[in-house]
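First the proteins, then the strands, lettered A, B, ... as listed; each starts at 1.
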Number of protein chains: 2
Amino acid sequence: MEVRTLADLARVAGVSAGTVSRALAGKSLVNAETRERIQALARQYGFRPNQMASKLRSRRTGVIGVVIPLGHEKRQQISDPFFLTLLGHLADQLTEAGYDLMLSRAIPDGTTDWLERITGSGMVDGVLLIGQSDQSDVIDQVVSHYRPLVAWGNHREGQKHVVVGTDNELGGRLAAEHLIACGARRLAFFGDTAGIEIAMRLRGARAAAEAAGLHIKHVPIKLADAEMGPQLEAALADAEADFDGIVTASDLIAMSALHVLHESGRRIPGDVQIVGFDDLPLARLTSPPLTTVRQEIGQGAKVMVEKIRALIEGETRHSKVMPPTLIARDTTRS
Amino acid sequence: MEVRTLADLARVAGVSAGTVSRALAGKSLVNAETRERIQALARQYGFRPNQMASKLRSRRTGVIGVVIPLGHEKRQQISDPFFLTLLGHLADQLTEAGYDLMLSRAIPDGTTDWLERITGSGMVDGVLLIGQSDQSDVIDQVVSHYRPLVAWGNHREGQKHVVVGTDNELGGRLAAEHLIACGARRLAFFGDTAGIEIAMRLRGARAAAEAAGLHIKHVPIKLADAEMGPQLEAALADAEADFDGIVTASDLIAMSALHVLHESGRRIPGDVQIVGFDDLPLARLTSPPLTTVRQEIGQGAKVMVEKIRALIEGETRHSKVMPPTLIARDTTRS
DNA sequence: ATGAAAGCGCTAACAT
DNA sequence: ATGTTAGCGCTTTCAT
């Protein structure tokens, strides 16, 4: 006899479907003995309750949607290791909290559709956004009627949705100040500022430069990894581009830049100093080890999950901006 | 008036729920005009059919489960960038194929339970395993009654489940042969062989060494990234460990080893030559750029998705073993 | 081309 | 402590 449904198992056990449901859910109002018996039977027949039915009925899915907005950069592939690292940490935290994780790439289209397709599907209890791209307004619009949503990224004053992230402006400032303190004078910032996070880092770096009476040149590098090398080569080959200090928008860019600079025979940090952003585990493995601005990724993931759980429970939560720290390694002097 | 269900929208549109269902599904047997009207209405009210209900009724979920078995290494965090890279590619391919992706970490427990919890839940149409760890037998057992499952990893003769992966033994051999051809004589293999993939790489490397009348020392490095440095330092500080050629189980280990060797003042490839495994995008960015054995990750993801789709359709598929290629960069001579 | 009716497999409120 | 009943919101015959 095939046991595929609660009713089947109920028949085998000689009880009602309701009792089986309660027994399998480990509810207290069932006789301990019958509960054991039913659970044993379930194991024996390899029976597991159909989740779709359960979720439909109980109106909670136990699933959190994790969305990566591919935003401004039309890249197919999820490339930046930062996002993948954050994803890894989120997976850990969500698993620990008993949630399943449904991953979606999304390509923003100017409307709220890319997001509402997920929030409105009844498939998830809440949504975590890995990065806001340039969609802060769209997200604000969506949270006006869909509360359980938390984004990683930059916090902007007056923003409606809950954000967890780093103080990017401060991070940019720390990077530039460190470079200046280490003697750099001809500064550059490498990174595409279409995403708000990067734009704020540039702003911070620029502020630091101006405070020191210096100029910082913005070189927008698109993140399509294969083509990143050529872009950097072009930027660095430029005759006027005789930088001696580079702030980068990410460790990934910093690593690429390091590579290109090495190839062109420049010494680091002797000729050029460079500061990354993120402090990925890999940052300490470059040679020389990368000076970088650390974002607390693991901690951030933890906070995001705590907040989404609270929001799902109907509580209120606010954004959290975490201070970055400058990790001085060996791509800068001193 | 709130429109939350098909029935609501049906009332607004003055038709029956059945018609709305057909219209929204774009079925042909509904008058083109009413279809448009209903779709417009749905947009206007921001209505989206509840997926749980839809899936329950139609008995297909449109979701593929992607499982990372944390296997032999009890690590909490999904650490190796190789897995995250593969995951990124799978996300792309699945999205393209119209599937959602449900991500689960799983900690094998000696039974089939960790896997059947997912296959048996009715939540996914099929399962993709990112790595087999040491669970090949367990997986075989599960596919005896659950067909739509494809794993990334090493293929073993007589194995029941469909696997896509690299010829690891050949990869290991290529690495060692290259090292020997470049003049290395005191060989080591860095990596933990609890996972079958790594064990096969070691076997290949060993075969190449023996064919050349050489010995290769196996140094099992656990992948807990923070502690990887100390392990490597210990291994390399060992007085007898005067290696001049190292085959590593992954680019990640290679990068760490590179770092430690640099720190201890050894020249690469002058004093020690080293070969990675994977050819992650990052491999070309190390200094010197890493010689490594390339696995076709993007291609592999594509194949995995093709196979899982076919299996879901009830077709038959077999394993695919892809040949690795040695990418000679600058951590080896010549 | 559309409507009516019957579930998909489960949970929870209400009885007992 | 257990059984009975009534849906969750949708899709899909079966009629018309």
Side-chain angles (χ1 to χ4, degrees), chain A residues 1-39 41-42 45-63 100 116-125, chain B residues 1-39 41-42 45-63 100 117 119-125:
Chain A
M1 162 156 195
E2 254 246 271
V3 174
R4 297 189 335 90
T5 71
L6 270 190
D8 291 345
L9 191 59
R11 210 167 310 122
V12 171
V15 295
S16 77
T19 303
V20 174
S21 173
R22 289 182 278 245
L24 260 31
K27 290 264 170 75
S28 50
L29 8 47
V30 258
N31 185 309
E33 186 193 319
T34 39
R35 180 173 54 223
E36 309 266 296
R37 193 164 58 81
I38 290 172
Q39 287 177 346
L41 244 26
Y45 285 92
F47 169 76
R48 296 177 196 265
N50 180 304
Q51 298 293 343
M52 289 304 158
S54 161
K55 288 167 178 182
L56 172 58
R57 176 60 231 236
S58 61
R59 303 167 138 290
R60 81 176 287 289
T61 68
V63 178
D100 285 310
E116 291 191 315
R117 155 173 314 133
I118 294 154
T119 58
S121 71
M123 265 186 342
V124 298
D125 291 342
Chain B
M1 163 156 196
E2 254 247 271
V3 175
R4 296 189 332 93
T5 72
L6 269 191
D8 291 345
L9 190 59
R11 209 169 309 121
V12 172
V15 295
S16 77
T19 302
V20 174
S21 173
R22 289 184 275 247
L24 260 32
K27 289 264 170 73
S28 50
L29 11 45
V30 61
N31 186 308
E33 187 194 317
T34 39
R35 182 174 50 225
E36 309 266 297
R37 194 163 58 79
I38 290 172
Q39 287 177 345
L41 244 27
Y45 285 93
F47 169 75
R48 299 179 193 263
N50 180 305
Q51 297 293 340
M52 289 304 157
S54 161
K55 288 167 179 180
L56 171 58
R57 175 62 226 236
S58 60
R59 302 167 137 293
R60 79 176 286 289
T61 68
V63 178
D100 285 310
R117 156 174 314 135
T119 60
S121 72
M123 266 186 341
V124 298
D125 290 342

Can a donor-acceptor pair be found, under 3.5 Å and without considering hydrogens, that links the side chain of B:Arg11 to the backbone of B:Val3?
no
Rounded to the nearest Å, what distance is computed from the CD atom of residue B:Glu33 to the P atom of nucleotide C:dA1?
12 Å
Presence of B:Thr19 side-chain N/O under 4.0 Å of C:dT2 phosphate oxygens OP1/OP2
no
Between D:dG3 atom P and A:Lys27 atom NZ, what is the distance in whole Å?
16 Å
Hey, does A:Asp8 have a side-chain heavy atom less than 4.5 Å from the side chain of A:Glu2?
no
Nucleotide D:dG3, atom C1' - distance to CZ of A:Arg11 in whole Å:
15 Å
Quick one: pull up OG in B:Ser54 and CE in A:Met123 and give me the separation to the nearest 0.5 Å.
10.0 Å
Between A:Leu9 (CG) and C:dT11 (P), how many Å, whole number?
12 Å
Take the C1' atoms of the five end pairs on each side of the helix from C:dA1-D:dT16 to C:dT16-D:dA1, derive the two axes, and give their angle rounded to 10 degrees.
30°
Which residue, A:Leu6 or B:Ala32, contacts DNA chain C at a nucleotide closer to its 5' end, judged by nearest heavy atom?
B:Ala32
Nearest-0.5 Å distance that lies between atom CG in B:Asn31 and atom CD in B:Glu36:
9.5 Å
Distance in angstrom units between B:Leu29 CG and D:dT16 C1', rounded
15 Å
Quick one: CD on B:Gln51 to CE on A:Met52, what's the gap to the nearest 0.5 Å?
9.5 Å
Exam field: side chain A:Arg35 to backbone A:Arg22, donor-acceptor pair closer than 3.5 Å:
no
A:Ser21 side chain near C:dC10 phosphate (N/O to OP1/OP2, under 4.0 Å):
no
Return the value, rounded to whole Å, for the distance between atom CG of A:Leu24 and atom P of D:dT2.
14 Å
Looking at B:Arg22, does any N or O in its side chain come under 4.0 Å of the phosphate oxygens OP1/OP2 on C:dA1?
no
Looking at B:Asp125 and B:Arg60, would you say the former's side chain and the latter's main chain have a donor-acceptor pair under 3.5 Å?
no
D:dA1, D:dG9, C:dC10: which one has an atom nearest the side-chain heavy atoms of A:Asn31?
D:dA1
Between A:Phe47 and B:Gly14, the residue closer to the 5' end of DNA chain C by nearest nucleotide is B:Gly14
Donor-acceptor check, side chain of B:Arg37 to backbone of B:Ala13, threshold 3.5 angstrom: yes or no?
yes
Nearest heavy-atom approach of A:Leu6 to A:Phe47 is N-CZ, 3.7 Å
Which residues in residues 48-61 of chain A have at least one heavy atom lying under 4.0 Å from any atom of DNA chain C?
A:Pro49, A:Asn50, A:Ala53, A:Ser54, A:Arg57
